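A short write-up of the structure that comes next.
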Amino acid sequence: MEEIQMNGHDRRSFLRHAGLGGGVLALGPLAASLAASGEAVAAPAAGKFDFDTPLNRIGTDSVHWDMPVRDEHMTKIVAGMGVADMDYRCAPSITAALQKRVTFPNWGYNIIDGDLFMGNAGNTPFIQGIVAWNKRRYGIDIDPKQLGVSAGVIPGIVSALQAFAPKGSKVLMVTPSYVGFYAAIGFTKTVPEESPMKMVNGRYEIDWADFERRMTPEVKVSIICNPHNPGGRAWTRDELTRYGQLCKKHNIIVLSDEIHCDFISKGHKYVPFSTLDKDIADNSITFKSGSKSFSLAAMKCAWFFSSNPKLFQVTNAASFPSISNPAMVAEQAAYAGGEDWLNQCVDYIDGNLDYAHDYITKNLPLIKTGNKPEGTYLMWLDVSGVADKIGAKKAMDEANAKPQPMNPLTGQPVVTTEGDIVSHWLAKNAYVFMESGSGFGKVGANYVRMNVATNRKTLKAGLDSVAGALKNLA
């Protein structure tokens, strides 16, 4: 068996390097054709907007494409399926608004800066657009005076942790859980308390007995991802109510990350935590952004709200409300004119989830996928079969026997898992990058997370390449 080289790129490494530029060496067949022609021509899918034509992101400092090439020392890349952003051209309303703003050659302070600090931003078109969007699309009533702004959902959650969770206290999560929560917990010097979920009939369910057992006095806050990243659950009203009731009973404040809320698969529903019974909703803070819905992660703009004035005021006081003018312009344009684009995008991604789930079930016997995700554009894949086939345990043990770099967030050595080994192997042998599950909690050790928010051609090319690499193992 060929030796498996470890290059130190797991999700913890990602947190250290995200945002740094990446060079490009050589591209895979699909990406190379895009680079040669600028953009490949593909027949557009039915609808007003084109999600089928590939967009070449190579060489744009893309975490999705450039960083795997750099950090994995890849000689080519067929598909970037790691970090959670989309490969599509953004909604035309956003591009038009930004182009219009760029024509004015001055970037001085905006009124929104002062209004945010003074608490007077409630009547601005920016805030009103967010309030109107949530009311129209999901029936959420947000008091604009109780809506705060942050540079991202995780910075907002950091503010709430700093407000309510003293250093050394515990933060309860059902796991696997989004890696960014661990970053926020590490930054605030709090401690993750993991309640592993159970896989029941192909989908994750909360182990309620274990969940409540972990609600000790040291737990001050619980973070829930709604819908769930990476497990793909669209929580029901009954599940969220039970979650909220238990947290209320044990004096635990709920932080609800609803950044993926616009991506719900057919047959399922997004239930905002803030629409639960008032006594439960009043014990919560919701965090949202257009960064997933409209792929605006680089714009650094998010927001949070609560129906409880005290919770909001304490969180807002711990926050530093600053966003850039382009971020404000982009977010405002998305909510004012991007709904038709988003609706078609959600339908297209739902088709991608169907395609990928069917493909993996039929063609990749070494990879196990549960039910089709109910929400998000992410798939959580059990790769323990691949790990066994490539001797990942031996490679993992050898890697951990060597001195490991320190995780700057936890101050502990980075631990290599079998999921890390599989992620590296796929990058080296299939030229496809999927994110190791190691950063999503202890239960993620034998998993990878796959992002399907790309054009169908790239999705197929990536899966075909994985199938080819695995076939060579036989």
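Treat the numbers as computed from the prediction; the structure is a model and nothing was measured. The analysis underlying the following values was restricted to heavy atoms, covering all of them including side chains, and did not include hydrogens, waters or symmetry mates.
- Residues W65 and D87 have side chains that bring a donor and an acceptor to within less than 3.5 angstrom of each other.
- Under the side chain to side chain donor-acceptor pair (under 3.5 Å) criterion, Y447 pairs with no residue, sequence neighbours left out.
- Between F305 and F287, the ring center distance fails the sub-6.0 Å criterion.
- R456 is linked by a salt bridge (charged side-chain N to carboxylate O under 4.0 Å, His left out) to nothing, counting only residues two or more places apart in sequence or in another chain.
- Screening residues 291-305 for salt bridge (Lys or Arg N to Asp or Glu O under 4.0 Å) gives no qualifying pairs among residues at least two apart or on separate chains.
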Handout entry: side chain to side chain donor-acceptor pair (under 3.5 Å) assessment of S62 paired with T60
Key = CA-CA 5 Å; S62 166; T60 64; 4.8 Å; no
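- M86 has its side chain within reach of C345: a pair of non-hydrogen atoms, C-beta onward, lies under 4.5 Å apart.
- In summary, E193 and R214 engage in a salt bridge, as defined by a charged side-chain N under 4.0 Å from a carboxylate O.
- Side-chain atoms of Y182 and E194 include a donor-acceptor pair closer than 3.5 Å.
- Every residue two or more places apart in sequence or in another chain that forms a ring-ring contact (aromatic ring centres under 6.0 Å, His included) with Y138 is listed here: Y270.
- Using a distance-only test at 3.5 Å, with no hydrogens or angles considered, no donor-acceptor pair links the side chain of T458 to the main chain of N455.
- W235 meets the ring-ring contact (aromatic ring centres under 6.0 Å, His included) test with H228; sequence neighbours excluded.
- With rounding to the nearest 0.5 angstrom, the CG atom of D257 is 8.0 Å from the CG atom of N229.
- Residues W341 and Y348 place their aromatic rings such that the two centres sit no closer than 6.0 Å.
- Side-chain atoms of N363 come within 3.5 Å of backbone N or O of Y359 as a donor-acceptor pair.
- Partners of K266 under the salt bridge (charged side-chain N to carboxylate O under 4.0 Å, His left out) rule, at least two apart in sequence or in another chain, are D347, D350.
- S423 places a side-chain N or O within donor-acceptor distance of the main-chain N or O of M434, the cut-off being under 3.5 Å.
- Rounding to the nearest 0.5 angstrom, the gap separating the CG atom in L296 from the OG atom in S289 is 7.5 Å.
- Considering only heavy atoms from C-beta on, F433 stays 4.5 Å or farther from L426 through its side chain.
- One N or O on the side chain of N451 and one on the backbone of D85 form a donor-acceptor pair closer than 3.5 Å.
- The residues D238 and R242 are annotated as not salt-bridged, no charged nitrogen and carboxylate oxygen being separated by less than 4.0 angstrom.
- Applying the salt bridge (charged side-chain N to carboxylate O under 4.0 Å, His left out) test to D340 and every residue at least two apart in sequence or in another chain returns nothing.
- The residues R70 and D66 are annotated as not salt-bridged, no charged nitrogen and carboxylate oxygen being separated by less than 4.0 angstrom.
- The CE atom of M173 sits 10.5 Å away from the OG atom of S195 when rounded to the nearest 0.5 Å.
- Test V219, I224, I223 against L172 for side chain to side chain contact (heavy atoms under 4.5 Å, CB included) and you get one pass: V219.
- Judged as a ring-ring contact (aromatic ring centres under 6.0 Å, His included), and not counting sequence neighbours, the contacts of F263 are Y377.
- The main-chain N or O of V383 is never found under 3.5 Å from a side-chain atom of N446 such that the two would form a donor-acceptor pair.
- Contact annotation: the side chain of N352 never approaches that of D354 to less than 4.5 Å [non-hydrogen atoms, C-beta and beyond].
- Residues that satisfy the side-chain contact (heavy atoms from CB on, under 4.5 Å) test with S293, not counting sequence neighbours, are D262, L342.
- Rounding to the nearest 0.5 Å gives a distance of 9.5 Å between CG of D464 and CG of L459.
- W380 contributes atom CH2, which lies 10.0 Å from atom CG of L378 (distance to the nearest 0.5 angstrom).
- D50 and T53 form a side-chain donor-acceptor contact under 3.5 Å, judged by distance and modelled atom types alone.
- A side-chain donor-acceptor contact under 3.5 Å links S465 to the backbone of A430.
- Of the possible polar contacts, one joining the S306 side chain to the S284 backbone as a donor-acceptor pair under 3.5 Å is found.
- Separating the OG1 atom in T376 from the CD1 atom in I349 is a distance of 9.5 Å, to the nearest 0.5 Å.
- For H64, there are no ring-ring contact (aromatic ring centres under 6.0 Å, His included) partners at least two apart in sequence or on another chain.
- Among residues at least two apart or in separate chains, salt bridge (Lys or Arg N to Asp or Glu O under 4.0 Å) pairs with a member in residues 224-233 are R233-E239, R233-E374.
- Under the salt bridge (charged side-chain N to carboxylate O under 4.0 Å, His left out) criterion, K368 pairs with no residue at all, not counting sequence neighbours.
- Checking side-chain atoms of T190 against main-chain N and O of G186 turns up no donor-acceptor pair under 3.5 Å.
- By the 4.5 Å heavy-atom criterion applied to side chains, I252 and K220 are not counted as neighbours.
- For the residue pair S438 / D420, a side-chain donor-acceptor distance below 3.5 Å is found, with atom types taken as modelled.
- Between C90 and T95, the closest side-chain pair of non-hydrogen atoms falls below 4.5 Å.
- Side chain of S274 to main chain of A281: no donor-acceptor pair is present (N/O by atom type, distance under 3.5 Å, no hydrogens or angles).
- Distance alone, capped at 3.5 Å, is enough to place a donor-acceptor pair between the T315 side chain and the L311 backbone.
- Checked by atom type, the side-chain pair S177/T175 shows no donor-acceptor distance below 3.5 Å.
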